[in-house]
Participant: 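Pasting a structure below so you can have a look.
Note that these values count all heavy atoms, side chains included, but never hydrogens, waters or copies made by symmetry.
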Amino acid sequence: MQQDQSAKEKVTEVIEQDIWGLIKDFWNAGFSYHIGEEEMRVTVGLVIIIVLAFLLTSVVLRVIRSFITSKLLEEDKLKFISVFKFIKYFVYLTVILITLSSTGVDVTILLTASAALFVGLGLALQELFQDVIGGIFIILDKSLLVGDVIELEGRVARVFEIKLRTTRALTRDDKVMIIPNHKFISDTVYNYTQNHKTTREVVRVGVSYGSDVEQVREVLLECAREQKGILKKPEPFVLFEDFGDSALLFGLHFYISDSFVDPKVKSELRFKINNKFRLNNITIPFPQRDVHMFYPKGVENSDEMSEND
């Protein structure tokens, strides 16, 4: 019995002093450095705890994201994921600070030491933050959706992707516009399809003075009715817009369901109007000016002026 008891004590001593002591030495191994007058120590145990907290946070965030996105529509799902990525970075930073604080590390030293760095980064990344905030506003208030046709700085494009920092849109000549999101909160942006897909367009034309204006109206409406891509309801209409310097000015107003391709519709409509006007003897005048010439007293014509020269 005494031998068994002695053997147990030896095993316990080996475990406590050798194995457990080795683990404790490994756990506490590390290095220290000074920040001002304060000493900071980084150990293997601290790194392991931070990594485990980071992994656990990642798993929890992934579960939360999967649970929420499973109840959303595909379009809303993409928006939520974009916002969630932004929130995730703050969660990671908060968890790391809490973990450090719970292990005895004075995080105020780290925050104080890095204050100048944060200020510098804030100034350097000011526009980046504006883009991110703009992206969050776009996603939350739904002022811009994928598929919307927009006009920005004189360019018309169709939005095909909205990210947290930038929005991508395809122009009418198949070029991709990468738009920083702060543009949508600082500049004036026309959204052609914010309320509905239907937009009203206009083609303007001038005819000679003396033309039958009722005939002009009927010919324009006939062209609109025959043109593919123009909606029957609401019906097209013609406005007599003004008496111009060289022509009577008319505007043919019509509705289309896809304003992104309206230059093609307008071009075909102008071809049709030109042909119809020719068939109906309606003239589209070129700019004209009346020139009145006045001669000095005693000179009756330009020949006398040339002779005097």
Participant: In residues 276-284, what donor-acceptor pairs under 3.5 Å come from side-chain atoms, sequence neighbours left out?
Facilitator:
{"residue": "Lys276", "atom": "NZ", "partner": "Glu222", "partner atom": "OE2", "Å": "3.0"}
{"residue": "Lys276", "atom": "NZ", "partner": "Glu226", "partner atom": "OE2", "Å": "3.4"}
{"residue": "Asn280", "atom": "ND2", "partner": "Lys276", "partner atom": "O", "Å": "2.8"}

Participant: Run the numbers on Asn274 and Arg270 for side chain to side chain contact (heavy atoms under 4.5 Å, CB included), then give the verdict.
Facilitator: CA-CA 6 Å; Asn274 186 65; Arg270 290 188 182 101; over 6 Å; no
Participant: Is there a path from Tyr209 to Val205 through hydrophobic residues (I, L, V, M, F, W, Y) whose side chains come within less than 4.5 Å of each other?
Facilitator: yes
Participant: Is any side-chain heavy atom of Val146 less than 4.5 Å from a side-chain heavy atom of Ile162?
Facilitator: yes
Participant: Hey, could you give me each pair passing ring-ring contact (aromatic ring centres under 6.0 Å, His included) that has a residue in residues 165-190? Not counting sequence neighbours.
Facilitator: none
Participant: Using 0.5 Å steps for rounding, measure from the OG1 atom of Thr193 to the CG atom of Leu145.
Facilitator: 8.0 Å
Participant: What pairs with Glu218 under salt bridge (charged side-chain N to carboxylate O under 4.0 Å, His left out), at least two apart in sequence or on another chain?
Facilitator: none
Participant: CD1 of Ile185 to CG of Asp131: how many Å apart, nearest 0.5 Å?
Facilitator: 8.5 Å
Participant: Just grab all the salt bridge (Lys or Arg N to Asp or Glu O under 4.0 Å) pairs involving residues 143-154, residues at least two apart or on different chains.
Facilitator: Glu153-Lys183
Participant: Measure across Pro285 and Ser246 and return the closest heavy-atom pair with its distance rounded to 0.1 Å.
Facilitator: CG-O, 3.3 Å
Participant: Please tell me whether Ile230 and Leu252 are part of a single hydrophobic cluster in this structure, the criterion being side-chain heavy atoms less than 4.5 Å apart.
Facilitator: yes
Participant: Could I get the full list of ring pair (Phe, Tyr, Trp, His ring centres under 6.0 Å) partners for Phe250, not counting sequence neighbours?
Facilitator: Phe240
Participant: State which residues pass salt bridge (charged side-chain N to carboxylate O under 4.0 Å, His left out) with Arg217; sequence neighbours excluded, sorted by chain then number.
Facilitator: Glu214
Participant: How far does CG of Leu231 sit from OG1 of Thr199, to the nearest 0.5 angstrom?
Facilitator: 8.5 Å
Participant: With sequence neighbours left out, what residues match Lys175 under salt bridge (charged side-chain N to carboxylate O under 4.0 Å, His left out)?
Facilitator: Asp173
Participant: My understanding is that only residues two or more places apart in sequence, or in another chain, count here; which of them pass side-chain hydrogen bond (donor to acceptor under 3.5 Å, both in side chains) with Ser211?
Facilitator: none
Participant: Just verifying a value: how many Å separate Phe243 CZ and Leu248 CG, rounded to the nearest 0.5 Å?
Facilitator: 6.5 Å
Participant: Flag yes if Leu221 and Val207 sit in one hydrophobic cluster, no otherwise; membership is Ile, Leu, Val, Met, Phe, Trp, Tyr, and two members link when side-chain heavy atoms are under 4.5 Å apart.
Facilitator: yes
Participant: What distance do Arg204 atom CZ and Lys266 atom NZ have between them, rounded to the nearest 0.5 Å?
Facilitator: 8.5 Å
Participant: Return a table of donor-acceptor pairs under 3.5 angstrom between the side chains of residues 49-65 and protein atoms on other chains or two or more places apart.
Facilitator:
{"residue": "Thr57", "atom": "OG1", "partner": "Ala53", "partner atom": "O", "Å": "2.7"}
{"residue": "Ser58", "atom": "OG", "partner": "Phe54", "partner atom": "O", "Å": "2.9"}
{"residue": "Ser58", "atom": "OG", "partner": "Tyr92", "partner atom": "OH", "Å": "2.9"}

Participant: Do Leu170 and Ile178 belong to the same hydrophobic cluster, where Ile, Leu, Val, Met, Phe, Trp and Tyr are linked whenever their side-chain heavy atoms lie under 4.5 Å apart, directly or via other members?
Facilitator: yes
Participant: Among all residues two or more places apart in sequence or in another chain, which pass the ring pair (Phe, Tyr, Trp, His ring centres under 6.0 Å) test with Phe286?
Facilitator: none
Participant: Check for a donor-acceptor pair, side chain of Asn275 on one end and backbone N or O of Phe271 on the other, with a separation under 3.5 Å.
Facilitator: yes
Participant: For residues 247-261, which residue pairs pass the side-chain hydrogen bond (donor to acceptor under 3.5 Å, both in side chains) check, not counting sequence neighbours?
Facilitator: Arg158-Asp258
Participant: Which residues pass the salt bridge (charged side-chain N to carboxylate O under 4.0 Å, His left out) test with Arg172, not counting sequence neighbours?
Facilitator: Asp262
Participant: Hey, does the side chain of Thr167 reach the backbone of Ile179 with a donor-acceptor pair shorter than 3.5 angstrom?
Facilitator: no
Participant: Are Tyr192 and Val159 grouped together when hydrophobic residues (ILVMFWY) are joined by side-chain heavy atoms under 4.5 angstrom apart?
Facilitator: no
Participant: Nearest heavy-atom pair of Val265 and Phe254: which atoms, and what distance?
Facilitator: CG1-CE1, 4.3 Å
